[in-house]
Amino acid sequence: MSKERARRRAAREAERARAIRLNEERQARRSRRRARVARLAPRPVRFARQRGLLARRRRGRNAAAVVAFLIVQVVVWLLWTSPPLSFAVFVLSLLLAPVAVTLAFDRRT
């Protein structure tokens with residue numbers, strides 16, 4: 001009777017060892033596949049938003065500049081009915097916007 005139990009226990013242990021080996025092989029294949037996909041797939045670009053008082057002020061100034069630009073465009077398009085003149089003002093304001101922002105918000109002078 002004990003030989004029979006020993007034989008069944010050995011069979012169970014062999015089956016368990018085989019299952020463990022198959023599981024490890026499956027895990028290894030999965031990790032190799034993931035590594036291969038990670039090498040081939042492009043990594044997403046993450047933009048970190050800057051924090052702090054200076055960044056908040058800069059965002060506020062940029063928002064004010066954009067709002068002012070939009071207000072100028074709306075007023076020009078509503079007042080003048082000539083599309084070429086409105087387009088010329090649009091291009092001119094695009095060119096002069098950096099100058100206006102520098103004059104309005106530059107603290108070096």
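Since the structure is predicted, the reported quantities are computational estimates derived from the model, not experimental observations.
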**Request:** Rounded to the nearest 0.5 Å, what's the gap from CZ on Arg7 to OG on Ser2? Could you check?
**Result:** 12.0 Å

**Asked** Is there any side chain to side chain donor-acceptor pair (under 3.5 Å) pair reaching into residues 59-72, and which pairs are they, with sequence neighbours excluded?
**Response** none

**Fill in**
Applied to residues 11-21, the salt bridge (Lys or Arg N to Asp or Glu O under 4.0 Å) test, sequence neighbours excluded, yields Glu15-Arg18, Arg21-Glu25

**Request:** Any salt bridge (Lys or Arg N to Asp or Glu O under 4.0 Å) involving residues 26-42? Give me the pairs, sequence neighbours left out, ordered by first then second residue.
**Result:** none

**Request:** For Glu24, enumerate each residue passing the side chain to side chain contact (heavy atoms under 4.5 Å, CB included) test, keeping only those at least two apart in sequence or located in another chain.
**Result:** Ile20

**Prompt:** Quick one: side chain to side chain contact (heavy atoms under 4.5 Å, CB included) partners of Leu70, sequence neighbours excluded?
**Reply:** Val66

**Prompt:** Which hydrophobic side chains are connected to Val99, either touching it within the sub-4.5 Å cutoff or through other members that do?
**Reply:** Leu103

**Prompt:** Rest of the hydrophobic cluster containing Val101 (Ile/Leu/Val/Met/Phe/Trp/Tyr, side-chain heavy atoms under 4.5 Å)?
**Reply:** Phe105

**Request:** Identify, with sequence neighbours excluded, every residue that meets side-chain hydrogen bond (donor to acceptor under 3.5 Å, both in side chains) alongside Arg57.
**Result:** none

**Asked** Taking side chain as C-beta onward, heavy atoms only, is Arg51 less than 4.5 Å from Arg56?
**Response** no

Sequence neighbours excluded and cut-off under 3.5 Å, please list the side-chain donor-acceptor pairs for residues 77-97, or say none.
unit_1 : atom_1 : unit_2 : atom_2 : d
Ser86  : OG     : Ser82  : O      : 3.1
Ser93  : OG     : Gln73  : NE2    : 2.6
Ser93  : OG     : Val89  : O      : 3.0
Ser93  : OG     : Phe90  : O      : 2.8

